Amino acid sequence: MDKFSGEPAVKAANASQRAEVFVLDDDRDVRDALRNILSSAGYQVVCFVDGRGLFEAIRQRTPDCILLDVSLPGQSGIEILKALASQAAPVIMVSGCGDIPTAVNAIKNGAIDFIEKPFRSQEILVRIEQALGSAGSKIKANQDASPQAKPSFLNFPGYETLTCREREVLEKITAGFSNKEAGRVLGISHRTVELHRARLLRKFGAKNSTAMLIAISKLMNPSK
């Protein structure tokens with residue numbers, strides 16, 4: 001059992017693949033807990049206390065996923081996240097202060113998900129599996145991408161200025177998915193979907209999804 005939830009760690013679906021997870025947190029208890037949870041689920045785990053150690057390791061190899069604490073002494077988690085923009089591993093931010101502005105800032109700067117402390121061992125494992133699956137899907141999508149592959153409804157001026165994740169969320173919104181349904185399909189939490197949806201609404205100057213879709217429709221048919 002782990003000290004965070006009192007639950008036995010659950011074996012990850014892809015444990016046999018021995019995916020490597022880098023953990024950066026200045027709290028020793030959190031590092032130990034995450035190491036125990038992930039190791040017992042079959043992951044290879046390397047823990048770091050600061051960004052310097054993390055960057056030194058990344059120069060040698062790229063992990064399959066990174067768990068990064070938001071509140072760190074010295075260089076903050078968000079600053080480290082920005083510096084990680086050029087590397088391929090999905091980054092999951094972890095924070096004891098899960099306020100909306102912090103979560104939005106993390107997603108805006110490239111985090112694939114955001115988890116609040118205290119967390120449950122099962123939640124951590126599920127989120128990492130989703131992140132790994134999402135990263136694989138993103139690579140395939142980039143390989144297969146073509147202008148013709150875009151849904152016709154989303155063929156509007158400015159579409160290319162949206163981030164990859166914003167496009168994915170927008171496609172699910174136009175298809176009528178709920179936040180939870182979109183999260184399951186995209187391999188992210190429903191809260192992360194909500195954050196991306198909020199950003200899309202702001203970009204289109206819309207108060208709700210219906211107003212946003214109307215705005216998109218006008219962009220596609222300016223004469224109407």
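For clarity, every value in this text was computed on a predicted model and none was experimentally measured.
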Inset, instruction - Might you work through the side chain to side chain contact (heavy atoms under 4.5 Å, CB included) test for Ile58 and Ile66, ending with a clear yes or no? - result: CA-CA 10 Å; Ile58 287 179; Ile66 299 174; 4.0 Å; yes

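- With rounding to the nearest 0.5 Å, the separation of CZ in Phe177 from CG in Leu186 is 8.5 Å.
- Closest approach of Ile92 to Ala131, counting heavy atoms only: CD1-CB, 3.9 Å.
- The CD1 atom of Ile128 lies 10.5 Å from the CG atom of Asp64; values are rounded to the nearest 0.5 Å.
- Closest heavy-atom contact between Asp50 and Leu24: N-CD1, 3.3 Å.
- Remark: Phe204 CZ to Leu170 CG distance equals 6.0 Å, nearest 0.5 Å.
- By the criterion of side-chain heavy atoms lying less than 4.5 angstrom apart, applied directly or through intervening Ile, Leu, Val, Met, Phe, Trp or Tyr residues, Val126 is not grouped with Leu34; the two fall into different hydrophobic clusters.
- Listed for the Arg31 side chain is no donor-acceptor partner under 3.5 Å among the backbone atoms of Cys47.
- Val185 is not connected to Ile112 by any chain of hydrophobic side-chain contacts under 4.5 Å among Ile, Leu, Val, Met, Phe, Trp and Tyr, and they are in different clusters.
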Inset, instruction - In sequence, state the C-alpha distance, the side-chain angles, and the governing distance for Val94 and Val70, and then conclude on side chain to side chain contact (heavy atoms under 4.5 Å, CB included). - result: CA-CA 6 Å; Val94 183; Val70 171; over 6 Å; no

Inset, instruction - Please step through side chain to side chain contact (heavy atoms under 4.5 Å, CB included) for the pair Ser189 and Phe114, ending with a clear verdict. - result: CA-CA 8 Å; Ser189 70; Phe114 188 92; over 6 Å; no

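- Atom CE in Met93 sits 10.5 Å away from atom CG in Leu67 (nearest 0.5 Å).
- Within the 4.5 Å cutoff, side-chain heavy atoms of Leu200 are placed close to those of Ile173.
- By the 4.5 Å heavy-atom criterion applied to side chains, Val23 and Val45 are counted as neighbours.
- Looking only at distances, no side-chain donor or acceptor of Asp25 sits under 3.5 Å from a matching main-chain atom of Asp69.
- Residues passing the side chain to side chain contact (heavy atoms under 4.5 Å, CB included) test with Glu56, sequence neighbours excluded: Arg52, Arg59.
- Contact check for Phe22 versus Leu68: no side-chain heavy atoms found under the 4.5 Å cut-off.
- With contacts defined as side-chain heavy-atom distances shorter than 4.5 Å, the pair Glu20/Tyr43 does not qualify.
- The closest donor-acceptor contact from the side chain of Ser40 to the backbone of Ile37 lies under 3.5 Å.
- Within the 4.5 Å cutoff, the side chain of Gln130 has no heavy atoms near those of the Ile188 side chain.
- Put simply, the side chain of Arg35 never gets that close to the backbone of Val46: no donor and acceptor are under 3.5 Å apart.
- Between the side chain of Gln44 and the backbone N or O of Arg18, at least one donor-acceptor pair lies under 3.5 Å.
- Looking only at side-chain heavy atoms (C-beta outward), Ser121 and Ile124 stay at 4.5 Å or farther from each other.
- Using a 4.5 Å heavy-atom threshold, the side chains of Glu181 and Lys172 count as separate.
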Legend entry - Step-by-step salt bridge (charged side-chain N to carboxylate O under 4.0 Å, His left out) determination, Arg165 to Glu168: CA-CA 5 Å; Arg165 183 64 81 190; Glu168 292 174 340; 2.8 Å; yes

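- The OG1 atom of Thr163 sits 5.5 Å away from the CZ atom of Arg199 when rounded to the nearest 0.5 Å.
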Inset, instruction - Could you walk me through whether Leu38 and Leu125 pass side chain to side chain contact (heavy atoms under 4.5 Å, CB included), step by step? - result: CA-CA 7 Å; Leu38 299 177; Leu125 295 175; 3.8 Å; yes

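- Between the SG atom of Cys65 and the CG atom of Leu132 there is a distance of 5.5 Å, given to the nearest 0.5 Å.
- The side chain to side chain contact (heavy atoms under 4.5 Å, CB included) search around Glu123 returns Ile115, Phe119, Arg120, Arg127, not counting sequence neighbours.
- Not a single donor-acceptor pair under 3.5 Å links the side chain of Asp29 to the backbone N or O of Asp32.
- Taking hydrophobic clusters as Ile, Leu, Val, Met, Phe, Trp and Tyr residues chained together by side-chain heavy-atom distances below 4.5 Å, Val169 shares a cluster with Leu201.
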Side-chain donor-acceptor pairs of residues 73-83 under 3.5 Å, sequence neighbours excluded:
from	atom 1	to	atom 2	distance (Å)
Ser76	OG	Glu79	N	3.2
Glu79	OE1	Ser76	N	2.9

